[in-house]
Number of protein chains: 2
Amino acid sequence: MSLESYMNQVGQQAREASRALAKASTQQKNRALFAMAQALEDARPHLMEENAKDIKNGKEKGLDAALLDRLLLDDARIDGMINGLKQVASLPDPIGEVSNMVYLPSGIQRGQMRVPLGVIGIIYESRPNVTIDAASLCLKSGNATILRGGSEAFYSNQAIAGAVKAGIVEAGLPENAVQVLNTTDREAVGKLITMPEFVDVIVPRGGKGLIERISQDARVPVIKHLDGNCHVYIDDEADLDKAFAIALNAKTRRYGVCNAMESLLVHQSILNAILPRLVTAYQDKGVALVGCEAIRAIYSNIEPATEEDWYTEYLAPKLSIKVVSNIDEAIAHINHYGSHHTDAIVSNNYAKTRAFMTEVDSSSVMVNASTSFADGFEYGFGAEIGISTDKIHARGPVGLLGLTSQKYVVLGDGHTRDN
Amino acid sequence: MSLESYMNQVGQQAREASRALAKASTQQKNRALFAMAQALEDARPHLMEENAKDIKNGKEKGLDAALLDRLLLDDARIDGMINGLKQVASLPDPIGEVSNMVYLPSGIQRGQMRVPLGVIGIIYESRPNVTIDAASLCLKSGNATILRGGSEAFYSNQAIAGAVKAGIVEAGLPENAVQVLNTTDREAVGKLITMPEFVDVIVPRGGKGLIERISQDARVPVIKHLDGNCHVYIDDEADLDKAFAIALNAKTRRYGVCNAMESLLVHQSILNAILPRLVTAYQDKGVALVGCEAIRAIYSNIEPATEEDWYTEYLAPKLSIKVVSNIDEAIAHINHYGSHHTDAIVSNNYAKTRAFMTEVDSSSVMVNASTSFADGFEYGFGAEIGISTDKIHARGPVGLLGLTSQKYVVLGDGHTRDN
């Protein structure tokens, strides 16, 4: 079968499965999630065998240690997938909720019913556990899924796919509710993102390069996460102990995450009161610092920040620091150089925190809290499929609700429209 | 200035204006809308003069009577624009609303704040009043707008743009809050839909061809309306008088609108009870009928429906009629051949109406009501920018809320994240 025919068949099957999933009961979807968990448990030795093939191939291809680690499926990671499935089963089912049902002057009632998006295509890099994360969230929200994992994880993903299918079939749902592509052909991605007749939305998970390429070429809406160039602004009316704790936590909790602070803005009036403590703490942790001229006037050993630095998501123990003369300058800097992901103010001034919340154009805006909280679990969603930096549809951490849509429902009693 | 530089300047100006609009008060936005209304009133003679140039050019170009009529600005249409502005001013301001604010286990509070999308590009065909409709809805929802109207309405749109600017400036908002492109170069559209750094979303209004081209080429999210191939299904447990009224209203209220029924599905058991009345009524109104074989077995003078007919939005006094043997066949037909716009069931059976509402995958699903109600005004939004056939973001009639997004706001008191 040609790739074109194969992808059309996968798409057609997903569309058909999505119809059955859309009307599946909560109980049936949860039964499938528990059956998937059991099937993973039963397949444990097989999963490890198949994963060993990927690891062997990866070593031969010369993948670096970090990539090989991400690829590895050991008992702890299989436990993680199994627990993830059970956790998704425990989440409330978003589908079918009817809201805003009101009578209108014509006599009709109009409301909105929450429904699945339909078919979701997920494109991701080498971590095989994403197969389970994505499949479980999509299934719980009533969507059919087409998964395309990294070629390095091919054997692992196929083995996981087998367990997923077994669980789905056992619960009486269509086996094509979750399909993992059985090809590593790169053309398959090109086809997946350009068949709007079969795929309603694409969620790419991976590096910025992957996501930009997919957004560029897609003919289907893409829920995407680009970069997280997050800021903390310490106002002159900040509690300095809280400011210190937040600025330290936002940068050093983890370096490689999208909600880590990459740029610190400090009001000029409190520079001398807060910066020495912070600089010492950062340097103790090995965080490289670059700063504006005003910073360098005090700390001549801090390297100068370039224009490029203010735009940069380091994802590393590195931080740019800038002195600002007021909150407006801070907001303007964030809206100009930031990536509209997550930005925080530390201040006890009511008017300034109110202005910051309103005017900073980011998916999460925080007052007196660390940017680290921008996360689906911390926000109470129980799970997340990713963090969206789009403004359309889902913005910020995306849980089950972000995988749904709402349709209008109208109830009448023979109503017709006059004019 | 090159087109490229011009469009970049327009985009940059819109982005800057959007920052001011996002924090404008409700009062200020309403003041601008009233000032725009007054400016249109004051410019009435000028608007008509400029419109006369478009009409003259249109006649010379040989535009047909329908197009020339859509182009015309007479006193009644200027009144319409003025009233439209006042009506939008009277709508509640969606911006700033905070919802779902809850305490989470970490101690932070997390909620969602409704915010503007930012910059909205509107591309439309020749009706000049769309300039006011679109500008007023975008302004009320705090968005900057870049408008690109049809070249036939160039002078009319520029004159309207002058009045719009005058109103905006009088209210103290940035004059670039609404920009009407001053070029008819087609390349301008190509540029407008491919500058995500300046434009957050595109709303095309016009024929399906225009919208498909724009969706194909855009690098910015598009809120789009494709076709409205709407169905009414008359169940065997329908009240026949109500079914008759709804099926007649849905087809014949207006023919050229997207919420008109294009295909009628009738349960085989009640065919003889309902069809003769309907056929007579349709034929009295001059509606051409095509039908499936079962229909033609009774009415040999009805033309056969082709496979293509079931997919077709006629936008004309024409209707396809099909006999189905049960509700599942009706739902499957609608989901396969329909355009996921608006579909209705007429039935008094609880289980069947419940199944129809759940399983029909359309932006509006109606029970015992005419498809004609699918409309922003009828749904109580006060105004609409269009009807979306997308599932992502806004689905169905799009009012002010569809022009907004929600960002997360987090309130803490020095909170940091441990793990």
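All values derive from a computational prediction rather than experimental measurement.
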Can you tell me which portion of [X] sits under 4.5 Å from chain B's heavy atoms? Options are side chain, backbone, both or neither.
X        : answer
A:Arg253 : side chain
A:Met113 : side chain
A:Gln109 : neither
A:Asn335 : both
A:Val346 : neither
A:Asn259 : side chain
A:Val102 : neither
A:Val365 : both
A:Asp413 : both
A:Pro196 : neither

Output the distance between atom [atom1] ([X]) and atom [atom2] ([Y]), rounded to the nearest 0.5 Å.
X        : Y        : atom1 : atom2 : answer
B:Gln112 : A:Ser364 : CD    : OG    : 9.5 Å
A:Leu117 : B:Asp390 : CG    : CG    : 11.0 Å
A:Ile392 : B:Ile223 : CD1   : CD1   : 5.0 Å
B:Lys407 : A:Thr342 : NZ    : OG1   : 11.5 Å
A:Tyr379 : B:Ser106 : OH    : OG    : 10.0 Å

Among [options], which has the most heavy-atom pairs under 4.5 Å with chain B?
options                                : answer
A:Val222, A:Asp375, A:Thr404           : A:Asp375
A:Met357, A:Met366, A:Lys391, A:Gln406 : A:Lys391
A:Asp361, A:Ile95, A:Val115            : A:Asp361

What option among B:Thr416, B:Val367, B:Thr353 has the most heavy-atom pairs under 4.5 Å with chain A? B:Thr416
Can you tell me if CZ on B:Arg219 sees more than 12 non-hydrogen neighbours from other groups inside 6.0 Å? yes
If you define the side chain from C-beta out and look only at heavy atoms, does anything of A:Phe373 sit under 4.5 Å from B:Leu104? no
Any B:Ser363 side-chain heavy atom under 4.5 Å of A:Tyr408 side chain: no
Proximal component of B:Arg110, with respect to chain A [non-hydrogen, under 4.5 Å]: side chain
Heavy-atom distance under 4.5 Å to chain A: side chain of B:Pro397, backbone, both or neither? both
Is it true that a side-chain atom of B:Asn249 and a backbone atom of A:Arg417 form a donor plus acceptor pair closer than 3.5 Å? yes
Expected output: side-chain B:Asn368 to main-chain A:Gly414 donor-acceptor under 3.5 Å: no
Run the side chain to side chain contact (heavy atoms under 4.5 Å, CB included) test on B:Glu359 and A:Arg19 for me, step by step, so that the C-alpha distance in whole Å, both residues' side-chain angles and the decisive distance to 0.1 Å come before the verdict. CA-CA 7 Å; B:Glu359 295 175 32; A:Arg19 301 280 177 223; over 6 Å; no
Show the nearest heavy-atom pair for residues A:Glu378 and B:Ile108, with the distance to one decimal. O-CD1, 4.4 Å
Of all heavy-atom pairs between B:Val410 and A:Ala369, which one has the smallest distance, and what is that distance? CG1-CB, 4.1 Å
